[in-house]
Amino acid sequence: MNETVSVVVNGEPRAVARDATLLELLGALALDPRSVVVEHNRRIVRRPALGDVRVAPGDAIELVHFVGGG
Amino acid sequence: MATAVEVVKDTPFTISGRTFRSRLMVGTGKYRDNPTMVHAIEASGAEIVTVAVRRVSLDRTKEEGVLYHLDATRLFLLANTAGCYTAEDAIRYARLAREAGFNDFVKLEVIGDQETLLPDTQGLLQAARTLVKDGFKVLAYTNEDLVTALRLEDAGVAAVMPLASPIGSGLGLLNPYSVRLIKRRLQVPVVVDAGVGTASDACITMEQGVDGILMNTALAAAQEPVAMAHAMRLAVEAGRAAFLAGRMPRREIAMPSSPLGGMLD
């Protein structure tokens with residue numbers, strides 16, 4: 001499957017396979033789903049559901065984790 | 001081994017039903033490197049450590065998340081909403097933090113001014129109410145204003161965190177009276193957050209009777225963070241013990257410590 005769509009991941013445009021799931025997106029980015037929290041169009045997607053949610057063109061996806069802070 | 005500390009009869013330090021050994025909490029930001037941070041946390045004796053929620057670096061130009069370095073089974077991770085200037089943003093960050101799956105505590109910050117990083121107390125109250133309804137245990141970073149502290153308690157927060165002085169300033173406890181007043185009037189724990197610069201600041205702060213202190217820059221920006229962490233541990237314990245011991249009354253004039261009688265002619 002070569003066809004891609006453009007989504008925005010952490011503020012940057014990114015091409016992903018059409019109908020890719022969020023879990024597949026994380027895999028393409030070499031991110032361990034246990035180490036990130038995923039927000040899809042402003043809604044948090046819990047880890048067990050990452051394989052069920054598919055991306056659509058223009059989706060805004062935020063991938064966050066904990067960093068050092070006070 | 002018997003230590004002098006055993007003579008200090010203290011109550012447990014409990015926030016929202018969870019008891020902690022140390023009254024010192026530390027941040028994980030701004031250390032020159034991760035090994036220094038890890039050693040400083042260990043030297044501080046802190047059990048609660050704060051972390052921030054940020055985007056993952058997708059191009060790997062920045063380092064990995066802080067959990068790569070911290071033992072989350074031994075430490076209690078307290079996520080913050082640092083950097084949020086609206087209630088809406090703070091709520092969003094808190095929910096993302098909770099989804100990481102460690103606990104439902106959050107150190108709530110809603111900042112109102114870039115230069116001083118002083119809190120927006122209206123936004124703070126609004127966010128606190130929403131998050132409490134949503135099941136969060138909210139530790140609310142606020143200024144040293146009694147009425148705001150009372151409103152936060154009414155909103156159901158787990159702890160109120162008045163500042164000693166602005167975040168990262170190291171100016172120490174600027175308003176001991178107000179912090180004492182807040183502690184006297186509130187039922188929930190009062191943990192002073194931000195502004196402590198050195199060990200004497202921590203000691204004086206604990207002597208006001210507050211339940212704990214949270215600090216970050218005082219350790220991270222010290223010349224020797226690990227040594228300062230050790231000093232802070234001692235200072236927090238000393239200040240707490242002195243508060244429990246009850247200080248002598250202040251006097252304007254001297255009173256001799258040695259007998260007046262028995263002097264030679």
Side-chain angles (χ1 to χ4, degrees), chain A, chain B residues 25-31 33-34 37-38 41 49-60 62-70 72 77-83 88 92-102 107 109 117 141 167-168 193-195 214-221:
Chain A
M1 187 167 78
N2 292 323
E3 201 185 347
T4 62
V5 297
S6 181
V7 297
V8 179
V9 182
N10 286 3
E12 303 281 340
R14 191 168 280 266
V16 300
R18 178 177 292 278
D19 292 332
T21 66
L22 292 171
L23 194 62
E24 286 163 351
L25 170 68
L26 292 180
L29 294 167
L31 290 171
D32 182 344
R34 291 168 302 178
S35 71
V36 295
V37 174
V38 181
E39 193 193 66
H40 179 230
N41 295 333
R42 288 282 186 142
R43 295 175 72 111
I44 291 171
V45 180
R46 312 199 72 173
R47 270 172 210 144
L50 288 173
D52 304 329
V53 179
R54 294 183 187 281
V55 298
D59 279 0
I61 296 150
E62 295 287 352
L63 308 174
V64 302
H65 65 168
F66 286 147
V67 301
Chain B
M25 314 178 185
V26 297
T28 55
K30 295 188 287 189
Y31 281 92
D33 53 53
N34 287 307
M37 172 189 75
V38 170
I41 292 170
V49 298
T50 59
V51 291
V53 176
R54 290 294 181 271
R55 283 173 166 166
V56 171
S57 172
L58 295 179
D59 57 8
R60 302 291 198 281
K62 290 183 198 137
E63 64 180 311
E64 60 283 316
V66 72
L67 296 188
Y68 189 79
H69 306 281
L70 298 177
L77 297 180
L78 176 61
N80 68 30
T81 63
E88 188 191 16
R92 184 185 184 195
Y93 277 64
R95 288 178 174 153
L96 287 166
R98 180 167 65 180
E99 207 56 38
F102 291 96
K107 195 194 96 166
E109 292 184 29
L117 299 179
Y141 166 70
I167 294 170
D193 176 13
L214 169 57
M215 61 180 73
N216 186 346
T217 312
L219 306 187

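In what follows, every chain begins at residue 1, and chains take the letters A, B, ... in the order their sequences are listed.
- Using a 4.5 Å cut-off between heavy atoms, A/V36 contacts chain B through its side chain alone, with no backbone atom that close.
- Taking both residues in full, the closest heavy atoms of B/R55 and A/H65 are given as O-NE2, 3.8 Å, listed atom of the first, atom of the second, then distance.
- With a threshold of 4.5 angstrom between heavy atoms, B/A100 approaches chain A through its backbone and through its side chain.
- With a threshold of 4.5 angstrom between heavy atoms, A/L29 approaches chain B through its backbone and through its side chain.
- Listed options B/L214, B/V49, B/V53 were ranked by heavy-atom pairs under 4.5 angstrom with chain A; first place goes to B/V53.
- Contact tally against chain A (heavy-atom pairs below 4.5 Å) for B/G29, B/G83, B/A52: the top residue is B/A52.
- Interface remark: of the candidates B/A97, B/A220, B/G101, B/A97 forms the most heavy-atom pairs closer than 4.5 Å to chain A.
- For B/Y141, the OH atom is densely surrounded, since the number of other residues' heavy atoms within 6.0 Å is greater than 12.
- No other option in A/E12, A/R42, A/R14 has as many heavy-atom pairs under 4.5 Å with chain B as A/R42.
- Put simply, of B/L96, B/N216, B/N80, the one with the most heavy-atom pairs under 4.5 Å next to chain A is B/L96.
- Scanning all heavy atoms of the two residues, the minimum distance from B/V56 to A/V64 falls at CG2-C, 3.8 Å.
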